[in-house]
Number of protein chains: 2
Amino acid sequence: MDDLTVLRTRSLPGVLEKEIEKAILGGELVPGGRVNENALAGHYGVSRGPLREALRTLQAAGLVVSVPNRGYFVRRVDPAEATQIYDVRAALFGLAGETLARRASEDLVAQLRARLDAMDEAARARDFEAYYPLNLAFHDYIVEAAGNPVLAAHYRDLVKRLNLFRARSLVQGGGLAVSNAEHRAMVEAVARRDPAAARETFANHVARARERLLSAESSAASASST
Amino acid sequence: MDDLTVLRTRSLPGVLEKEIEKAILGGELVPGGRVNENALAGHYGVSRGPLREALRTLQAAGLVVSVPNRGYFVRRVDPAEATQIYDVRAALFGLAGETLARRASEDLVAQLRARLDAMDEAARARDFEAYYPLNLAFHDYIVEAAGNPVLAAHYRDLVKRLNLFRARSLVQGGGLAVSNAEHRAMVEAVARRDPAAARETFANHVARARERLLSAESSAASASST
DNA sequence: CTTCTGTAGATTGTTGACAATCTGCAATCG
DNA sequence: CGATTGCAGATTGTCAACAATCTACAGAAG
């Protein structure tokens with residue numbers, strides 16, 4: 001019965017899109033690599049038609065690019081584009097914070113503080129494995145709570161594309177406590193119902209995350225070239 | 001030779017996408033209306049395969065929606081979603097202004113002032129037909145000059161979707177002078193190389209445009225319901 | 001008269017096949 | 001020996017046909 005419901009709800013190109021996206025974000029399809037339609041179609045046991053429709057959607061999302069008569073390639077994001085993505089993401093996240101500060105209920109502030117405490121604990125324990133998903137959920141919760149689906153959709157698109165930037169060393173060791181201190185300032189701005197301060201702290205948080213990532217990347221690049 | 005170059009550069013789904021987009025934005029395909037694949041394929045003299053790929057891209061852009069086993073429908077944007085789009089657009093435009101204020105050359109400021117003067121003239125003459133395209137080009141030039149392709153792409157997507165909001169009465173009569181006064185404040189902030197002021201004036205300009213549009217819409221709605 | 005059911009037509013979903021194009025290697029020519 | 005041309009295999013682009021699903025209308029039952 002489950003298969004039936006799935007097939008009724010999601011179309012075949014829809015599930016393929018999610019599946020391929022997972023493969024890309026999971027690293028099975030590496031950035032810059034070619035996407036073979038026949039191979040993929042065979043792997044999923046479907047025809048090339050629905051597959052190509054899924055790839056078109058992924059192209060619009062910026063995860064792959066189509067070169068006429070050459071095929072699809074997994075998108076490669078270089079530091080320059082990563083910077084651009086981060087700037088846009090900061091602006092959107094700032095908007096999320098501003099919106100949240102205007103409409104925040106007491107329950108919502110309590111929710112944010114609870115998540116903050118959980119992250120603090122993980123940061124103190126230097127437990128990156130625990131911190132990472134909490135951090136992700138925290139940001140996602142914020143963007144969702146802002147109540148603007150258009151904003152949320154664009155934000156998620158940007159985050160997906162950032163995963164194509166080869167630099168898994170997202171936040172290393174010392175970054176945890178620093179990052180969560182910024183989180184606390186963000187939540188306090190929301191609790192004070194101060195839209196301007198919220199926008200600023202939220203946007204700055206992403207801007208600083210960008211600096212952390214890019215400096216880590218450049219040092220890693222210079223290290224590997226030595 | 002032209003056809004050959006076109007076919008080499010743009011793929012068939014690519015040209016179909018642009019063609020259908022034009023039909024939607026031009027009003028030939030009305031919001032809420034159904035899109036018949038066979039009819040469209042026949043109209044363009046192509047098969048349904050490339051057509052469906054084009055529609056997938058347009059779905060990702062938010063211009064159409066796909067309902068499984070029912071087909072594609074031209075997206076309808078209600079006032080609530082238009083508000084959300086405007087909020088995101090304001091944040092992005094604010095980022096464009098901030099970026100511009102940091103990197104503006106003298107030439108760029110001169111360019112902006114020249115466009116400003118042209119719009120002033122049209123506004124004084126109450127010549128909406130002349131003002132409208134100048135205004136569009138002004139905004140597009142700014143977003144382009146910010147030098148962030150990711151920002152530009154997202155911004156353009158939002159503008160396209162706003163065209164689906166049924167309210168062609170974009171700016172009526174008196175709005176022209178007001179709007180251009182805001183433009184002048186924006187350009188002056190850029191000329192002063194003041195990023196914070198630029199962000200604020202740019203974002204506020206879009207927010208005010210939203211208010212102008214939505215109040216016009218609601219008054220038109222109450223008038224039509226009377 | 002209203003409601004339900006069944007059927008015919010239309011429309012979308014998917015597939016497999018054919019045509020066009022590209023890539024890589026080998027043979028030939030200068 | 002290097003460069004170029006030609007060919008074979010692989011891959012993408014497009015199409016037309018078939019299967020599945022939905023819509024609308026007609027007819028029958030309550």
Side-chain angles (χ1 to χ4, degrees), chain A residues 1-20 23-24 28-61 63-76, chain B residues 1-20 23-24 28-61 63-76:
Chain A
M1 196 73 77
D2 189 40
D3 291 350
L4 194 96
T5 348
V6 167
L7 259 296
R8 248 183 230 299
T9 314
R10 304 274 176 191
S11 65
L12 184 47
V15 302
L16 285 176
E17 177 206 332
K18 282 200 150 192
E19 213 64 34
I20 300 173
I24 293 177
E28 297 170 51
L29 294 173
V30 296
R34 227 172 125 288
V35 177
N36 189 313
E37 294 183 8
N38 276 318
L40 261 192
H43 181 263
Y44 290 119
V46 298
S47 176
R48 280 173 52 219
L51 191 86
R52 284 171 63 93
E53 290 186 29
L55 286 171
R56 284 285 171 203
T57 303
L58 290 173
Q59 178 181 35
L63 294 187
V64 302
V65 286
S66 158
V67 180
N69 292 321
R70 291 280 313 278
Y72 288 89
F73 296 81
V74 179
R75 197 99 153 51
R76 193 199 302 268
Chain B
M1 197 74 76
D2 190 39
D3 291 351
L4 194 94
T5 348
V6 167
L7 260 297
R8 249 184 230 299
T9 313
R10 304 273 177 190
S11 65
L12 185 48
V15 301
L16 285 175
E17 176 206 333
K18 280 201 149 190
E19 213 64 32
I20 300 173
I24 294 177
E28 297 170 51
L29 295 174
V30 295
R34 223 171 128 290
V35 177
N36 189 314
E37 295 181 8
N38 276 318
L40 260 192
H43 182 263
Y44 291 118
V46 298
S47 175
R48 281 173 52 220
L51 191 86
R52 284 171 62 91
E53 290 186 29
L55 287 171
R56 284 285 172 203
T57 304
L58 290 173
Q59 178 181 34
L63 294 187
V64 302
V65 286
S66 159
V67 181
N69 292 320
R70 291 279 314 278
Y72 288 90
F73 297 81
V74 178
R75 197 97 154 50
R76 193 199 302 269

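Naming convention: chains lettered A, B, ... in sequence-line order (proteins, then strands); numbering from 1 in each chain.
- Between A:Tyr44 and A:Ile20, the closest side-chain pair of non-hydrogen atoms falls below 4.5 Å.
- Residue pairs that meet the salt bridge (charged side-chain N to carboxylate O under 4.0 Å, His left out) test with at least one member in residues 29-46 of chain B, sequence neighbours left out, are B:Glu37-B:Arg48, B:Glu37-B:Arg52.
- Inter-residue side-chain proximity for B:Leu40 and B:Leu16 is flagged as unmet; no heavy-atom pair is nearer than 4.5 Å.
- Residue A:Tyr72 contributes atom OH, which lies 10 Å from atom P of D:dT12 at whole-angstrom precision.
- Under the side chain to side chain contact (heavy atoms under 4.5 Å, CB included) rule, B:Val64 has a single partner from B:Ile24, B:Leu29, B:Thr57, which is B:Ile24.
- Once rounded to the nearest 0.5 Å, the distance linking OG of B:Ser11 with CZ of A:Arg56 reads 4.5 Å.
- To the nearest angstrom, C1' of C:dT21 lies 12 Å from CZ of A:Arg34.
- Using five terminal pairs a side, the axes of the helix from C:dC1-D:dG30 to C:dG30-D:dC1 at its two ends make an angle of 10°, given in steps of 10 degrees.
- Here the side chain of A:Asn38 is nearest to one of D:dC15, D:dT11, C:dT12, namely D:dT11.
- Counting to the nearest Å, the P atom of D:dT12 and the CG atom of A:Leu55 are 10 Å from each other.
- Atom pair A:Glu37:CD and C:dG16:P shows a separation of 15 Å (rounding to whole Å applied).
- If you measure from atom CG of B:Leu51 to atom P of D:dG13, you get 16 Å, rounded to the nearest angstrom.
- For A:Arg52, taking side-chain heavy atoms from C-beta onward, the closest of the listed nucleotides C:dC22, D:dT14, D:dT11 is D:dT14.
- Separating the CZ atom of A:Arg70 from the C1' atom of C:dA20 is a distance of 16 Å, rounded to the nearest angstrom.
- With rounding to whole Å, B:Leu16 atom CG is found 14 Å from D:dG13 atom P.
- Using a 4.5 Å cut-off on side-chain heavy atoms (C-beta onward), A:Val35 and A:Val74 make contact.
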With the criterion being N/O to N/O and under 3.5 Å, what pairs connect the protein with nucleotides 16-18 of chain D, and how long is each?
none

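- Rounded to whole Å, atom C1' of D:dT11 lies 10 Å from atom CG of A:Asn69.
- With rounding to the nearest 0.5 Å, the separation of CG in A:Leu58 from CZ in A:Arg75 is 12.5 Å.
- Rounded to the nearest 0.5 angstrom, B:Glu17 CD and B:Leu63 CG are separated by 9.0 Å.
- Contact annotation: A:Asn36 reaches the phosphate of D:dT12 (side-chain N/O to OP1 or OP2, under 4.0 Å).
- Taken to the nearest 0.5 Å, the CD atom of A:Glu19 stands 8.5 Å off from the NE2 atom of A:His43.
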